[in-house]
2 protein chains.
Amino acid sequence: MDTAPLPDADSPAGKGKALVDDTAAAIRARILSGEIPIGSQLRQVELAELLGVSRTPVREALRQLQAGGLIEVLPNRGAVVRVPAPWEVREAYEVRAELEGLTCVRAVRAVTPDVLRELREANETVRTVSGGSPAGEGSSPSTAANDCFHTLIHTVAGNRRLARAIKDVNEAFPRNVSALVLQDNPRHREDNIREHERIVEALAAEDAERARSEMKAHVISAGEQLARWYEQRSATVFRG
Amino acid sequence: MDTAPLPDADSPAGKGKALVDDTAAAIRARILSGEIPIGSQLRQVELAELLGVSRTPVREALRQLQAGGLIEVLPNRGAVVRVPAPWEVREAYEVRAELEGLTCVRAVRAVTPDVLRELREANETVRTVSGGSPAGEGSSPSTAANDCFHTLIHTVAGNRRLARAIKDVNEAFPRNVSALVLQDNPRHREDNIREHERIVEALAAEDAERARSEMKAHVISAGEQLARWYEQRSATVFRG
DNA sequence: GACCTCTAGAATGGATACATTGAGTTCATT
DNA sequence: AATGAACTCAATGTATCCATTCTAGAGGTC
C-alpha cells in the first residue's frame, strides 16, 4: 500500500540512515509548511499509512519531534502540533535575535568580497521572486531566498553549534517562514529587504556591533510580524 | 527481573508521562554524570534490562537523545555517546555565553532584593560545599549549587524559551558540570565564585550591560576550562 | 605465512500482536 | 428529562517476533 511514499526517502539521503529520520523529516516538513495545521491531532496509524511505513518508525519520529518542541505528546491521548501563543513567538525570536546577532559578529571576521556579493545576490532574489506562489501550501521561493541569506551568514560565521541553535529555535513552531507574512504584505517585504541591505552594509564596513544591532532589530521585527500573524490566526486551528 | 528500577520512575513525575520520558531522563542522567563514559556503545538490550523495561521505550528514548545531540546513532551499528572535540565545546560555550548574557540583561528588569539575597546564598553554598564528594561519579553538591545560581537567574529573566535553549546547549555533551573541573582545582573554584559575585554586583547596580559582559566572561572561562579537561581526557574514552 | 572469502553470530531496524487507558455513548435511575 | 454510571471502541503504550546488516572468526588459497 505505497500510497504516498516518503518525499525524500530514496533519492537524497538514501545512503544515509534509517527510515526513522526520513519519517521525522517528512512529518516535520509537512508541519512547517502548514500542510498539517497547528493544533491538529497526529494519529500514528494515519501517519504510518500516509508515509507507507509501520507505526514503529512513526513513533520514534514523533519522539524526535517532541524533543524538538514542535509537537506535544500527551499521556495516552496522542500527539498534537503545538499551537504557540504569541508571547512564545516573541520569546523565541528574542533568543533568535541574540543568536543571529552573534552570527554577524563572528561573520565580520571572515567576510570577503565574494561573500558580500553572494549576500547581495540572495537579497536581490528575495526582491525578484515577489509574487511567487500563492500563499497556499508548500514553501515559497521567497522563503528559500530569505533562508539563503541567513544561512550564508551562518556558514561564514563558522560556528556549527550556533547554526544548530538557531535552527532549533526556528523549527520549534510552524510557519516559521516569516516570508509567509511578507508575501501578504508588500510593505513588510520592502522593509525586510532594506533591513537586509543595512546588515550587508555593516558587514562590508566590518562594523561588528552595528551588524549585530541591525540583525537583532531585523529578527525582532520579523518575530513581531509573525507573532501578529499568530494572534490573528489564533482562532483558525484544529483542522482549519 | 527488576534489577535496577528507574531512578526517578515513580516518585517525582509519576503523574507526568510515559515510560519513555523516564527512560530518556535516566539514560541522559547517567551519561551526563559520567556513569556511562563518552564514546561507549549504548546497546539497547543492556539498557533495557538495566532499567527493567523492554527494548521499545529504550529505542524511543535513544531517538530523543539523538535529537538533542547527546548521542550519535549510526546506520545499523547502534548508538554511541558523542565524544565532543574541544573546539566543539568552545563553540557551544560561546553560544551559551551569549544566551546567559541575555539572561542577565532581562533579569536586571526584574531583580529584587530577595533575588539578590538568594543569589548570594547560592554562591555561598558553592563556596561551602568545597571538598564535597570525590570526583568519582554522580553529580556533586557543588554542581547543584552552581546550577542553582544560574537557574535562578534564568527564572528571574522570565523567558522560558531562553532557558530551554541554554539547557539544550548544556545537555549536548556530558560532564557539562564545569563544577567537576572546579572540584579538582581550588584556584578555579575561587575564580568561579568571584565571577559570580561580580555578576551579582552588576545585577544589584541594575547595570544590564555590565551584568551581560561579566556573565559572558564567566561562561567563556568555564567553557575554556571544560575544553581543556576534554583535551586532557581525550584519550580516556571507550569504556575507561 | 599472509590475505581473501565465506559463514556464523549478534545487534539493530521494522512489523505485528497484546495490554492499557481515555473518551464517547447509551441505558438506567432519580 | 437530566444526570450518572457502565460498557464499548479506538488509539496509544509495551512487548515480542522476524528481517537485515555488520562484524568477527575460521578456513582455504595464493
Side-chain angles (χ1 to χ4, degrees), chain A residues 1-6 8-10 13-27 31 36 39-67 70-82 238-239, chain B residues 1-6 8-10 13-27 31 36 39-67 70-82 238-239:
Chain A
M1 291 218 183
D2 37 8
T3 54
L6 262 35
D8 50 344
D10 33 4
K15 60 169 181 66
K17 263 220 34 186
L19 208 76
V20 184
D21 297 86
D22 294 334
T23 306
I27 299 175
I31 293 177
I36 299 178
S40 58
Q41 288 269 344
L42 292 172
R43 265 178 280 273
Q44 296 176 355
V45 284
E46 281 186 18
L47 293 172
E49 62 189 23
L50 174 68
L51 301 174
V53 296
S54 172
R55 267 183 55 205
T56 308
V58 171
R59 287 180 56 88
E60 296 183 17
L62 290 180
R63 292 301 173 189
Q64 282 184 284
L65 269 49
Q66 177 196 18
L70 183 60
I71 69 175
E72 199 168 3
V73 180
L74 291 90
N76 283 31
R77 298 177 56 184
V80 295
V81 183
R82 257 177 63 89
F238 286 105
R239 289 285 178 204
Chain B
M1 290 213 185
D2 40 7
T3 53
L6 262 37
D8 51 345
D10 33 4
K15 61 168 181 69
K17 263 221 34 191
L19 209 76
V20 184
D21 297 86
D22 294 335
T23 306
I27 299 174
I31 293 177
I36 299 177
S40 57
Q41 288 269 344
L42 293 171
R43 264 178 281 274
Q44 296 175 356
V45 284
E46 283 186 17
L47 292 172
E49 61 188 24
L50 174 69
L51 301 175
V53 296
S54 171
R55 266 183 57 205
T56 310
V58 171
R59 287 180 50 176
E60 295 182 20
L62 290 179
R63 292 300 173 190
Q64 280 184 284
L65 269 49
Q66 177 197 18
L70 183 60
I71 69 175
E72 199 167 2
V73 179
L74 291 90
N76 284 27
R77 298 176 55 183
V80 296
V81 183
R82 257 178 62 89
F238 286 105
R239 290 283 178 205

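Here is how names work: the chains are called A, B, and so on, in the same order as the sequence lines, proteins then strands, and each is numbered from 1.
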Are [X] and [Y] side-chain neighbours, meaning at least one heavy-atom pair lies under 4.5 Å?
X: L47(A); Y: L62(A); value: yes
X: L19(A); Y: L51(A); value: no
X: R82(A); Y: L70(A); value: no

What is the distance from [atom1] of [X] to [atom2] of [N], rounded to the nearest Å?
X: E49(A); N: dT16(C); atom1: CD; atom2: C1'; result: 15 Å
X: L62(B); N: dT12(C); atom1: CG; atom2: C1'; result: 11 Å
X: D21(A); N: dG13(C); atom1: CG; atom2: P; result: 9 Å

- CZ of R63(B) to CZ of R59(A): how many Å apart, nearest 0.5 Å? 13.5 Å
- Output the distance between atom CD (E60(A)) and atom CD (Q66(A)), rounded to the nearest 0.5 Å. 13.0 Å
Under 3.5 Å, which protein N or O atoms sit close to an N or O of nucleotides 14-16 of chain D? Give each pair with its distance.
| from | atom 1 | to | atom 2 | distance (Å) |
| --- | --- | --- | --- | --- |
| dT14(D) | OP1 | L19(B) | N | 3.1 |
| dA15(D) | OP2 | S54(B) | N | 2.9 |
| dA15(D) | N7 | T56(B) | OG1 | 2.8 |

- Query: Can you list the steps and then say if L65(A) with L42(A) is a side chain to side chain contact (heavy atoms under 4.5 Å, CB included)?
  - Reply: CA-CA 12 Å; L65(A) 269 49; L42(A) 292 172; 5.6 Å; no
- Query: What nucleotide, of dA11(D), dA11(C), dG13(C), holds the atom closest to the side chain of R43(A)?
  - Reply: dA11(D)
Please list each protein N or O that sits under 3.5 Å from an N or O in nucleotides 22-25 of chain C, with the distance.
| from | atom 1 | to | atom 2 | distance (Å) |
| --- | --- | --- | --- | --- |
| dA23(C) | OP1 | R77(A) | NE | 3.1 |
| dA23(C) | OP1 | R77(A) | NH1 | 3.1 |

- Task: Evaluate the criterion side chain to side chain contact (heavy atoms under 4.5 Å, CB included) for residue pair V53(B) and D22(B); output intermediate values, then yes/no.
- Result: CA-CA 11 Å; V53(B) 296; D22(B) 294 335; over 6 Å; no
- Message: Any base atoms under 4.0 Å from L42(A), or only sugar-phosphate, or nothing? Heavy atoms, all strands.
- Response: sugar-phosphate
- Counterpart residues, side-chain contact (heavy atoms from CB on, under 4.5 Å), relative to R77(A) (two or more places apart): L74(A)
- Task: Respond yes when some side-chain nitrogen or oxygen of Q44(A) is under 4.0 Å from OP1 or OP2 of dG13(D), and no when none is.
- Result: yes
